[in-house]
> 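Okay, handing you the structure first.
Reminder, nothing fancy here: chain letters follow the sequence lines and each chain counts from 1. These numbers come from the heavy atoms of this one structure, side chains and all, not from hydrogens, waters or symmetry mates.
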Amino acid sequence: MTVATRMSRYFLKTLREAPAEAELPSHRLLLRAGLVSPLAAGLYSFTPLGWRAMRKVEELVREEMNLAGAQELRLPALQPLEIWDRSGRSEIFGGVLLRLRDRRERDFVLAPTHEEAISTLAAAQVQSYRDLPVTLYQFQQKFRDEPRPRGGLIRLREFCMKDAYSFDPDWETLDESYQAMFDAYGRIFARAEVPAVPVEADSGAIGGKDSQEFIFLNENGEDEVLLCSACGYAANAEKAVFRADPPVEGEPAPVERVDTPGVTTIAALARFLGLEERQTAKAVFYSADGEPVFVTIRGDLEVNDTKLRNLLKAVELEPMDDAAVARHGLVAGSASPVGLEGMRVVADVSATEAPNLVGGANEPDAHLLNLNYGRDWTAAIVDDIALAESGHGCPHCDGRLEARSGMELGHVFKLGSMYAEAFDIRYLDGEGERRHAVMGCYGIGVDRLLAAVLEANHDEDGIIWPRTLAPFDVHVVVLGGEQPEVAEALGELEAALEAAGLEALVDDRDESPGAKFKDADLLGMPVRLTVSPRALGRGGIELRIRDGGDNEIVPLPEVVERIGAGDG
RNA sequence: CGGGGUGUAGCUCAGCCAGGUAGAGUGCUUCGUUCGGGACGAAGAGGUCCCCGGUUCAAAUCCGGGCACCCCGACCA
């Protein structure tokens with residue numbers, strides 16, 4: 001049985017103005033509607049109303065996980081550092097991993113994710129092919145020592161994640177488990193009324209192969225994705241491939257040195273020589289886990305740090321600092337791999353396929369014309385390390401890519417057997433052969449999803465909750481509550497709502513009508529019912545749909561039916 | 001970790017440049033009037049002016065150091 005919640009007794013404060021620190025719409029609404037309250041950077045308390053909203057989001061995700069055949073369980077947030085050393089990720093996560101010690105000086109972490117814990121569990125339980133496939137999930141607080149928490153619930157240091165892990169006997173059945181999760185994610189975001197698109201993604205520190213992110217396209221997002229409107233290609237900028245402009249063709253010509261006084265940038269070089277930027281070779285210096293790396297790429301393109309990092313299998317990749325540049329005798333602004341010794345050279349394919357590029361002479365104020373790969377310079381590694389940008393050609397069709405910012409709400413990927421090997425998750429197959437399980441993992445940030453729901457569903461007056469996620473089904477505004485006929489009607493209304501299983505927030509406060517209506521708009525329940533002498537005089541209860549309906553008088557006995565009919 | 005900004009009442013902010021009794025709006029309490037889109041009047045409560053140190057007869061204000069929060073970047077399953 002539900003009991004109507006009285007606002008006069010409810011632990012809730014709305015704010016007329018949002019605190020100055022909030023800039024994003026979701027952040028402002030969370031604070032103004034009193035759903036959360038800050039404790040420290042990246043840490044928020046949820047009020048009863050905010051917690052109801054979180055529970056609704058969680059329940060929606062739980063429903064779809066269960067429908068997809070996943071089984072809910074619970075793993076510890078506090079974990080021994082040992083399992084992180086075992087997977088090698090204590091190093092990969094680095095400073096993001098929150099470490100602590102117990103009273104016996106043993107090392108622990110507050111887990112940022114749960115592959116290690118689930119793998120330990122699976123290793124103990126999975127024995128036979130009859131135990132597979134299985135998909136397990138949980139809702140759990142994750143802890144990350146983020147360098148910069150931001151945007152309210154967008155990037156937190158402690159947050160709730162739904163993380164699921166699938167265990168399959170082989171890659172073929174993993175495809176099915178993966179697809180089931182992928183489909184469930186599509187339904188979750190559709191029901192949450194958040195338009196999220198799947199894009200190809202980098203699998204990052206967690207490792208693995210195929211990986212897709214569900215991105216909510218939103219200008220406040222911190223991820224960049226590239227989209228092709230012609231064929232539907234969509235990828236995270238970290239991962240995106242593209243069709244570069246073709247090189248300027250020509251027969252290899254002899255190398256020629258030219259004086260280029262004061263020319264240190266690609267733009268200036270092209271202008272100085274009257275060439276296009278794609279006729280130049282750009283040099284970029286990196287330090288990969290301390291090792292110097294010389295990177296060269298065609299002048300009109302930029303280096304994709306993520307692709308480079310993955311290619312080098314580096315944990316830490318950063319631009320080489322000035323001291324190291326000098327130490328290695330590099331001439332910034334006039335560097336090229338010609339005659340370079342003492343460090344690894346990595347080249348983007350663009351620089352190796354184009355003939356007669358202009359590159360640095362490795363001395364100030366001079367460049368070399370007509371450099372050709374193989375003849376004048378070589379590289380230890382040649383691969384695609386170019387960054388896709390708006391306007392580049394789509395890799396799959398004649399279209400052009402468009403860059404958009406977005407928020408990563410969910411991530412699904414095929415891990416393979418790396419954790420199964422590290423934690424020894426093996427099963428006996430039908431032929432009596434012992435084999436490693438093949439894993440997938442699937443995450444959704446619940447707090448961030450809540451923020452996205454608000455980003456996607458609000459107007460200038462406040463929140464417009466999707467029906468499935470509204471903390472309450474109905475917001476009842478009581479005016480003139482001290483009058484007997486109003487009190488009587490309210491009692492009947494509450495009884496009817498309760499009998500129908502509808503949860504109601506009843507504004508019985510001693511406030512002016514205007515203040516109550518403003519708060520109702522701000523809090524944003526899908527249906528507002530006004531019980532007042534005026535409405536009763538017109539024959540019933542006033543009904544208003546939050547998402548843009550007109551006011552309408554509905555006879556009291558019909559109210560529940562009207563709400564159930566699903567207006568709005 | 002680099003760059004920028006902000007710390008004064010629960011919230012939004014003024015006061016700081018030019019040192020001298022700590023302010024406004026809103027919110028909160030009480031009383032009265034009001035009662036359909038953040039009503040009106042009156043009275044009231046509410047402050048470590050982020051912290052520490054310095055200069056000065058005197059510091060919210062000037063100087064030095066620190067901390068916190070926000071934004072951009074770096075970083076980030």
> Hey, does A:A535 reach any base, or is it just sugar-phosphate, or nothing, if we go heavy atoms under 4.0 Å?
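The answer is base, as A:A535 lies within the cut-off (heavy atoms under 4.0 Å) of a base atom.
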> In whole angstrom, give me the gap between the P atoms of B:A60 and B:U48.
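14 Å, rounded to whole Å.
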> Figure out the CG/C1' separation between A:L29 and B:C11, and round it to whole Å.
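Computing the A:L29:CG to B:C11:C1' distance gives 16 Å.
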> Mind checking who B:G73 pairs with, Watson-Crick or G-U wobble, both distances under 3.5 Å?
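Base-paired to B:C1.
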> Could you tell me how far B:C28 sits from B:C11 if I compare only their P atoms? Round to whole Å.
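That atom pair is separated by 14 Å.
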> Counting any heavy atom closer than 4.0 Å, what does A:G34 reach on the DNA or RNA strands: base, sugar-phosphate only, or nothing?
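The residue A:G34 makes no contact with any strand.
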> Pick the P atom in B:G15 and in B:U6, then give their distance to the nearest Å.
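About 12 Å, rounded to a whole number of Å.
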> Return whichever of A:K13 or A:G151 has its heavy-atom-nearest nucleotide of RNA chain B closer to the 5' end.
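Result of the comparison: A:K13.
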> Taking pairing as Watson-Crick or G-U wobble with both contacts under 3.5 Å, can you name the mate of B:U55, or confirm there isn't one?
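Here B:U55 is not engaged in any pair, so there is no nucleotide opposite it.
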> Any base atoms under 4.0 Å from A:N551, or only sugar-phosphate, or nothing? Heavy atoms, all strands.
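Contact class for A:N551: base.
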> Per the atom types in the model, does the base of B:G3 pair as donor or acceptor with the side chain of A:R148 at under 3.5 Å?
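Counting by modelled atom types and ignoring angles, no donor-acceptor contact under 3.5 Å is found here.
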> Given atom CD of A:E224 and atom P of B:A74, what is their separation to the nearest angstrom?
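In whole Å, B:A74 P lies 11 Å from A:E224 CD.
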> A:E23 near the nucleic acid: base, sugar-phosphate alone, or nothing, with a heavy-atom cut-off under 4.0 Å?
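Sugar-phosphate: the residue A:E23, judged by heavy atoms under 4.0 Å, touches backbone atoms but no base.
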> Return no unless some side-chain N or O of A:R16 is found under 4.0 Å from OP1 or OP2 of B:G25.
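False: A:R16 side-chain N/O out of range (4.0 Å or more) of B:G25 OP1/OP2.
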> Where the side chain of A:P147 is concerned, which of B:C75, B:C70, B:C11 is the nearest nucleotide?
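Nearest to the side-chain atoms of A:P147, counting from C-beta on, is B:C75.
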> Which nucleotide, if any, forms a Watson-Crick or G-U wobble pair with B:U6, using both distances under 3.5 Å?
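With both distances under 3.5 Å, B:U6 matches B:A68.
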> Nearest-Å distance, NE2 (A:H27) to P (B:C69)?
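Roughly 12 Å, once rounded to whole Å.
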> Which nucleotide in the set B:C75, B:C11, B:C35 lies at the smallest distance from any side-chain heavy atom of A:P513?
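Output: B:C35.
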> With respect to A:V476, which candidate in A:T5, A:I541, A:L493 satisfies the side-chain contact (heavy atoms from CB on, under 4.5 Å) definition?
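Single pass found, and it is A:L493.
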> With rounding to whole Å, what would you report as the distance between B:A58 and B:U21 at their P atoms?
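My reading of the P atoms in B:A58 and B:U21 gives 15 Å.
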> Side chain of A:E17 only, please: which of B:C71, B:G25, B:G38 is the nearest?
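When the side chain of A:E17 is considered, B:G25 is the closest of B:C71, B:G25, B:G38.
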> Taking the ring centre of each residue, are A:F285 and A:F294 less than 6.0 Å apart?
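Distance test on ring centres: under 6.0 Å, yes.
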> Answer with yes or no whether the side chains of A:Y286 and A:D305 bring together a donor and an acceptor at under 3.5 Å.
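There is such a pair between these side chains.
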> Roughly how many Å apart are B:U29 and B:G46, using the P atom of each and rounding to a whole number?
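It works out to 15 Å between them.
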> Determine the interatomic distance between C1' on B:G19 and the same-named atom on B:A24; round to the nearest Å.
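About 22 Å, rounded to a whole number of Å.
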> Output the rounded distance in Å from CD (A:E511) to P (B:C35).
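Spelled out: CD on A:E511 to P on B:C35 is 16 Å.
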> Reading RNA chain B from 5' onward, which residue's closest nucleotide shows up sooner: A:R534 or A:D305?
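The 5'-side residue here is A:R534.
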> Taking atom C1' of B:G10 as reference, at what distance in whole Å does atom CZ of A:F11 sit?
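Taking CZ of A:F11 and C1' of B:G10, I get 12 Å after rounding.
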> What's A:R309 touching, base or sugar-phosphate or nothing? Going by heavy atoms closer than 4.0 Å.
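Sugar-phosphate, no base atom in range.
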> Considering Watson-Crick and G-U wobble pairs with both distances under 3.5 Å, what does B:G44 pair with?
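Per the H-bond distance test, B:C28.
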> Please state the P separation for the pair B:G10 and B:C51 - nearest whole angstrom.
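Each nucleotide's P atom is 14 Å from the other's.
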> Using a 4.0 Å heavy-atom cut-off, does A:R157 contact any base of the nucleic acid, only the sugar-phosphate backbone, or nothing at all?
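Contact class for A:R157: none.
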> A:L97 CG to B:C75 C1': how many Å, rounded?
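Atom CG in A:L97 sits about 15 Å away from atom C1' in B:C75.
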> Mind checking A:P19 for me? I need base, sugar-phosphate or nothing, with any heavy atom below 4.0 Å counting as a touch.
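Sugar-phosphate only.
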> Let me confirm one number: the CG-CG distance from A:L97 to A:L81, rounded to the nearest 0.5 Å.
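The distance works out to 7.0 Å.
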> Which of these passes side-chain hydrogen bond (donor to acceptor under 3.5 Å, both in side chains) with A:Y419: A:E116, A:R89, A:E115?
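For A:Y419, the side-chain hydrogen bond (donor to acceptor under 3.5 Å, both in side chains) test succeeds with only one of A:E116, A:R89, A:E115, which is A:R89.
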> What's the verdict on side-chain contact (heavy atoms from CB on, under 4.5 Å) for A:Y185 and A:L409, showing C-alpha distance, side-chain angles and the deciding distance?
CA-CA 10 Å; A:Y185 275 37; A:L409 299 180; over 6 Å; no
> Heavy atoms only, 4.0 Å cut-off, all strands: where does A:P112 land among base, sugar-phosphate and nothing?
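Base contact.
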> Paired with B:U33: which nucleotide, if any, by Watson-Crick or G-U wobble criteria at under 3.5 Å for both distances?
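B:A39 - that is the nucleotide pairing with B:U33, both distances being under 3.5 Å.
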> Under 6.0 Å between ring centres, would you say that holds for A:F214 and A:F182?
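Yes, they do, as the ring centres are separated by less than 6.0 Å.
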> Would you mind telling me which of B:C11, B:C71, B:C69 lies closest to the side-chain atoms of A:R150?
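From the listed options, B:C71 comes nearest.
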